[in-house]
Asks: 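Before anything else, here's the structure in question.
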Protein chains: 2
Amino acid sequence: MKSSNTKVSNAIIRRLPRYRRYLNELRKQGVKKISSNELSELIGYTASQIRQDLNTFGGFGQQGYGYTVDSLFNEINRILGLDREYKTIVVGIGNLGQAITNYTYYYKIGFNIVGLFDVNPKLVGLSINDVLVRDFSEMSDFVKENNIDIAIICVNRENAQKVTNVLVDAGIEGIWNFAPLDLDVPEHVAVENVHLSDSLHTLSFMIRSNELEESDK
Amino acid sequence: MKSSNTKVSNAIIRRLPRYRRYLNELRKQGVKKISSNELSELIGYTASQIRQDLNTFGGFGQQGYGYTVDSLFNEINRILGLDREYKTIVVGIGNLGQAITNYTYYYKIGFNIVGLFDVNPKLVGLSINDVLVRDFSEMSDFVKENNIDIAIICVNRENAQKVTNVLVDAGIEGIWNFAPLDLDVPEHVAVENVHLSDSLHTLSFMIRSNELEESDK
DNA sequence: TAGATTGTTAATCGATTAACAATC
DNA sequence: TAGATTGTTAATCGATTAACAATC
């Protein structure tokens with residue numbers, strides 16, 4: 001594996017989880033080996049790009065043979081940091097927060113939801129999947145005392161930066177942000193945005209483009 | 001506005017909703033005019049890129065003055081296809097489906113949820129925001145009869161392609177896909193994915209990178 | 001060994017940035 | 001008019017693709 005301080009381009013990072021998804025499927029189907037050409041057919045990236053991408057992190061293949069599905073899958077898991085567990089909290093337990101909590105709880109191995117926080121007294125005291133909803137005022141201490149790695153932000157736009165500041169001060173490592181704004185954080189804190197509005201607007205753009213193309217004919 | 005068949009790069013498309021978001025904020029704050037330099041400061045793209053991006057669609061500014069916030073906001077709305085309404089259905093009314101339904105209903109003007117579908121008899125017959133949950137078997141006819149534009153797919157991985165095929169046959173224009181796979185659709189159908197797993201794995205990668213960098217010092 | 005396929009270098013393509021003429 | 005700032009062309013940079021030598 002190459003030096004960790006070689007900055008990996010964003011384009012590659014975005015492709016990694018996709019490689020993982022397809023390799024996982026192949027693995028489940030019992031496929032043992034795959035060549036960059038076969039993978040290309042499946043994923044839709046060029047074989048050349050696949051080889052380039054993988055070689056950013058190391059030589060995982062074997063000339064004349066291809067890649068062993070299982071070991072490549074494991075390598076990518078390791079690259080993605082999925083070979084460990086993350087202590088995770090959710091902030092903002094409204095509709096979306098509850099759904100994301102359940103989603104993460106049931107489907108995301110390694111991301112352990114250990115705390116839920118909200119300001120709404122109607123929610124504080126309730127439990128979701130046996131995890132208690134605590135008052136927001138307790139969050140800072142909780143993050144420090146339990147060495148929380150990741151916070152999932154599901155509060156509204158207006159409060160998201162304030163929540164973020166508290167999390168950063170308490171030593172959070174990563175934020176999965178569902179609030180529709182770009183958070184201001186120091187460099188050592190990772191932020192991944194899920195901007196649902198932006199995504200829906202992108203869909204709208206594509207539909208409009210298709211319609212224009214149709215009417216051009 | 002330039003010809004609609006000039007293919008707009010994906011990079012630009014992804015930036016458009018972000019322009020919209022910042023312009024909307026400025027508009028709400030009562031800001032009347034803005035230069036590409038000021039906008040650059042705010043959004044974090046270079047002024048040059050902003051001018052390039054906007055000029056892909058037309059000359060919306062005025063030399064020596066800048067851009068009028070209100071009219072630029074309106075132009076971008078139009079470019080994004082947000083100057084119309086979309087008849088929308090949600091397929092798969094589990095936890096995530098319900099959350100997305102509520103989210104879209106309350107926050108997304110123009111995306112009118114007019115139908116909900118599921119196979120679960122416990123859900124069929126219920127209402128969310130006064131919209132009835134119907135059995136999946138009724139979906140195809142419903143889409144045809146009501147000229148549905150957009151379907152939001154919140155079913156599981158296993159059923160997502162099957163659901164998609166029915167939607168495509170019924171004449172859907174766009175799909176907002178929350179299932180963790182890449183759907184196979186004809187070219188005239190727009191698909192926008194929200195791959196929550198991929199997003200979380202990207203966050204994991206970034207956290208790991210930061211940790212490696214830290215330990216390198 | 002011969003064939004296959006990777007790993008890697010070189011070429012190409014596209015996107016971003018810089019520069020500046022046009023013009024409000 | 002002078003100053004400011006866009007719109008647009010040219011230069012640069014980075015990412016993708018092609019080619020092929022290395023090697024299993």
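Numbered from 1 within each chain, the chains take letters A, B, ... in sequence-line order. Keep in mind that the numbers below use all heavy atoms, side chains included, and drop hydrogens, waters and symmetry copies.
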Asks: Starting at the 5' end of DNA chain D, which residue's closest nucleotide do you reach first, Gln62(A) or Tyr45(A)?
Replies: Tyr45(A)
Asks: For a quick test of reading the model: is some side-chain N or O of Tyr67(A) closer than 4.0 Å to OP1 or OP2 of dA4(C)?
Replies: no
Asks: Atom CG of Asp53(B) and atom C1' of dT17(C): how far apart are they, to the nearest Å?
Replies: 12 Å
Asks: The side chain of Ser9(B) is closest to which nucleotide in this list: dA15(C), dT16(C), dG7(D)?
Replies: dA15(C)
Asks: Please report, rounded to the nearest Å, how far the C1' atom of dG3(D) is from the OH atom of Tyr65(B).
Replies: 16 Å
Asks: Under 4.0 Å from OP1 or OP2 of dT16(D): is there any side-chain N or O of Gln49(A) that close?
Replies: yes
Asks: Please give, in whole Å, the distance from dT17(D) P to Arg15(A) CZ?
Replies: 8 Å
Asks: Examine Arg20(B) relative to Phe73(B) and say whether NZ or CZ is less than 6.0 Å from the centre of the six-membered ring and inside a 45° cone about the ring axis.
Replies: no
Asks: Does Thr46(A) place a side-chain N or O at less than 4.0 Å from the phosphate oxygens OP1/OP2 of dT17(D)?
Replies: yes
Asks: Map Arg51(A) and Asn10(A) onto DNA chain D by nearest heavy atom, then report which one ends up closer to the 5' terminus.
Replies: Asn10(A)
Asks: Check this for me: does the side-chain of Gln52(B) come within 3.5 Å of the base of dT16(C) through a donor and an acceptor?
Replies: no
Asks: Asp198(B) and salt bridge (Lys or Arg N to Asp or Glu O under 4.0 Å): which single residue from Lys108(A), Arg18(A), Arg21(A), Arg15(A) fits?
Replies: Arg21(A)
Asks: Go ahead and name the base partner of dA10(D); Watson-Crick or wobble counts if both distances stay under 3.5 Å, otherwise write none.
Replies: dT17(C)
Asks: Just one of Tyr105(B), Tyr106(B), Tyr107(B) clears the ring-ring contact (aromatic ring centres under 6.0 Å, His included) bar with Tyr103(B), so which one?
Replies: Tyr107(B)
Asks: Arg14(A) has an atom CZ; how far is it from atom C1' of dA15(D), in whole Å?
Replies: 16 Å
Asks: Do the side-chain N or O atoms of Ser48(A) get closer than 4.0 angstrom to the phosphate oxygens (OP1, OP2) of dT16(D)?
Replies: no
Asks: In whole Å, what is the span from the CG atom of Asn55(A) to the C1' atom of dT16(D)?
Replies: 15 Å
Asks: So, for Pro17(B) and Leu80(B), which heavy atoms are closest and what is the spacing to 0.1 Å?
Replies: CA-CD1, 4.2 Å
Asks: In whole angstrom, what separates Gln63(B)'s CD from dA2(D)'s C1'?
Replies: 16 Å
Asks: Send over the distance from Phe60(A) CZ to dT8(C) C1', rounded to a whole Å.
Replies: 15 Å
Asks: Take Glu25(A) and Arg157(B) through the test salt bridge (charged side-chain N to carboxylate O under 4.0 Å, His left out) and record every step on the way to the result.
Replies: CA-CA 11 Å; Glu25(A) 273 311 296; Arg157(B) 185 190 161 84; 3.3 Å; yes
Asks: Under 4.0 Å from OP1 or OP2 of dT6(D): is there any side-chain N or O of Ser36(B) that close?
Replies: yes
Asks: Could you check how far CD1 of Ile50(A) sits from C1' of dT8(C), rounded to whole Å?
Replies: 16 Å
Asks: In Watson-Crick or G-U wobble terms, both distances under 3.5 Å, what is the partner of dA22(D)?
Replies: dT5(C)
